[in-house]
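Working notes, structure below.
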Amino acid sequence: MNTLFDKIWDAHVVQKVDDGPTQLYIDRLYCHEVTSPQAFAGMRARGLKCFRPERIYCMPDHNTPTHDQDKPIEDPVSKAQVDALEKNAADFGLTHFGMMDKRNGIIHVVGPERGLTLPGMTIVCGDSHTSTHGAMGAVAFGIGTSEVEMVMASQCILQSRPKTMRITIDGKLGKGVTAKDVALYMMSKMTTSGATGYFVEYAGEAIRSLTMEGRLTLCNLSIEMGARGGMIAPDEVTFEYIKGREYAPKGEDWEKALAYWKTLKSDDDAVFDKEVRYDAADIQPMITYGTNPGMGMAITDCIPTTEGMADVEKASFEKSLGYMGFAPGESLLGKKVDYVFLGACTNGRIEDFRAFASIVKGRKKAGNITAWLVPGSWMVDGQIREEGLDKVLEEAGFEIRQPGCSACLAMNDDKIPAGKYAVSTSNRNFEGRQGPGSRTLLASPLTAAAAAVTGVITDPRTLM
């Protein structure tokens, strides 16, 4: 009668507090430079050591410049945060993948690709997009800075048990439809608060058919529906992906781990607090038109009108469109774009670069476009070069930058200027998210590539 979530959660309960939270054991804590300084300061103030330092991995990503990483960081705030993480990791005896370390990159890209993220684990990080790791069949969620300190000190966390939801997507995905489109479609239906209070398991034929990288993209965006996290039951796709990776179990340990991982699925009669179903045939390549990820539509649709909206909703909707410079009822096809960003913990993996290259191959970057193509890690950067994608991209007029979070959140030099439009493969399109006054349209790598070579918003299927 247990769901996948129940099985992993229950296996990690240390003790329950009557009418209070659960003390949950944590297998892996990921630390980046933005949300960890106060946690380390708190540990120092209390004279504490990390309880299980071998379970904690640190790396800078948000403030990392995507060029000249071998030189000192120019921005003083960014430099202070990156330097502090390096010092804190050394002082507390923690593994640290610093800038220019070949294992560095965005923490949510590095964890899975190094085999640090494994099925059945509980994983936390002071970052909402920790939900990414649920794609491997783990219970993974973002936590606050005081909770980061709690995990450092005790390898446990106090958490209220969330409710469970299963979202099933039946059937096969159509041409040009990616995991990113699936996520944007669900958000357009459920809104950015539709999964609040739930831990979501994704199921169905369309989900099973996704590659590991597609699953990582989907789970990454769970948080944008308000979910506590998202997860997918591990299967042959998962096991094949993990096998042979740096930190993955080897030899006898592998066989033992595999036997356990194969038990990690929801029972046939498992009961979820909520069930939602969609048909894959209804999902088209998507694009957002507003200032939250739930304001999305099929790329061939028109922006909704305010007809039938309540006054409060209408005011918020009109404010959002005012910021974007769009009008209700208009089509976005053919709209001029200024920037294209490929990257982030949502779409900075090798498969995303393959998709982007498949569209731009034999074409040229549009003259009006500034493009930032940012691998999610040095490993991805290496794969791009091994596969010759760098040559394809360079011939089309694109350059590849160094790994980091880049233009996802304007904490580094990669900022979209005020008033400019960016088709972005990242996860959030809030006002000013990619730079003060910037206007973000979230889309898949295929849709981003189509805009990059045409200079306007284009249905990628017309170029495939």
Side-chain angles (χ1 to χ4, degrees), residues 30 32 57 59-70 97-117 127 129-130 132-133 135-136 178-180 210-221 237-238 240-248 340-361 371-394 396 398-409 412 414 424-427 444-446 448-449 452:
Y30 292 126
H32 63 61
Y57 285 79
M59 70 198 78
D61 53 12
H62 285 56
N63 288 281
T64 310
T66 58
H67 56 84
D68 299 320
Q69 286 188 10
D70 53 333
F97 302 156
M99 265 166 47
M100 298 306 291
D101 183 316
K102 285 297 168 202
R103 294 165 300 179
N104 177 258
I106 304 172
I107 214 157
H108 306 312
V109 174
V110 172
E113 73 179 10
R114 292 281 163 193
L116 284 165
T117 298
D127 186 285
H129 293 105
T130 307
T132 310
H133 306 271
M136 318 284 291
T178 69
K180 181 64 161 284
L210 293 175
T211 60
M212 200 62 238
E213 310 216 325
R215 296 175 186 192
L216 289 160
T217 295
L218 183 63
C219 288
N220 173 275
L221 289 154
V237 172
T238 322
E240 200 48 50
Y241 178 89
I242 297 168
K243 199 172 187 178
R245 291 189 184 263
E246 190 177 348
Y247 290 92
V340 167
F341 170 52
L342 173 66
C345 59
T346 313
N347 285 119
R349 300 177 183 84
I350 185 60
E351 193 175 278
D352 303 312
F353 279 81
R354 287 179 194 141
F356 193 95
S358 74
I359 295 274
V360 306
K361 188 173 186 177
W372 291 332
L373 312 189
V374 187
S377 70
W378 282 107
M379 184 188 276
V380 174
D381 181 82
Q383 290 170 306
I384 289 168
R385 293 171 203 288
E386 270 164 42
E387 296 182 16
L389 298 180
D390 56 329
K391 300 282 183 287
V392 172
L393 295 165
E394 277 159 25
F398 297 93
E399 61 164 316
I400 296 160
R401 297 167 85 88
Q402 291 177 318
C405 290
S406 184
C408 175
L409 80 171
N412 48 68
D414 301 352
S424 174
T425 66
S426 54
N427 40 50
S444 76
L446 292 173

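All values derive from a computational prediction rather than experimental measurement.
- Rounding to the nearest 0.5 Å gives a distance of 3.5 Å between OG1 of T346 and CG of N220.
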Side chain to side chain contact (heavy atoms under 4.5 Å, CB included) for C408 and N427? Distances and angles first, verdict last. CA-CA 7 Å; C408 175; N427 40 50; 3.6 Å; yes
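- Across M212 and T238, no two heavy atoms sit closer than the pair SD-CA, 3.8 Å.
- Shown here for A355 and L446, the closest heavy-atom pair between the two residues is O-CD2, 3.5 Å.
- Nearest approach of L210 to R215, heavy atoms of both residues: O-NE, 3.1 Å.
- The salt bridge (Lys or Arg N to Asp or Glu O under 4.0 Å) check on E399 picks up nothing, with sequence neighbours excluded.
- By the ring-ring contact (aromatic ring centres under 6.0 Å, His included) test, F341 pairs with no residue at all, sequence neighbours left out.
- Without hydrogens or angle criteria, E246 side chain to G115 main chain gives no donor-acceptor distance under 3.5 Å.
- Partners of H129 under the ring-ring contact (aromatic ring centres under 6.0 Å, His included) rule, at least two apart in sequence or in another chain, do not exist in this structure.
- With sequence neighbours left out, H108 forms a ring-ring contact (aromatic ring centres under 6.0 Å, His included) with H133.
- Residue L216 comes nearest to M136 through the heavy atom pair CD2-SD, 4.3 Å, listed as atom of the first residue, atom of the second, then distance.
- A donor-acceptor distance shorter than 3.5 angstrom exists from the side chain of N104 to the backbone of P60, with no hydrogens or angles considered.
- Counting non-hydrogen atoms of neighbouring residues, nucleotides and ligands closer than 6.0 angstrom, the NZ atom of K391 reaches no more than 12 such neighbours.
- Judged by distance alone, with hydrogens and angles left aside, the side-chain atoms of K180 form a donor-acceptor pair with the main-chain N or O of S426 at under 3.5 Å.
- Using a distance-only test at 3.5 Å, with no hydrogens or angles considered, a donor-acceptor pair links the side chain of R245 to the main chain of E113.
- Considering every non-hydrogen atom in both I384 and P375, the closest pair reads CD1-CG, 4.0 Å.
- When the ring-ring contact (aromatic ring centres under 6.0 Å, His included) test is applied to F356, the partners found at least two apart in sequence or on another chain are F398.
- With hydrogens and angles disregarded, a donor-acceptor distance shorter than 3.5 Å links the side chain of T425 to the backbone of G343.
- Among residue pairs with one or both ends in residues 345-355, those qualifying as salt bridge (Lys or Arg N to Asp or Glu O under 4.0 Å) are R354-E387; sequence neighbours excluded.
- Summarising the geometry of A179 relative to G214, their closest heavy-atom pair is CB-O, 3.1 Å, with the distance given to 0.1 Å.
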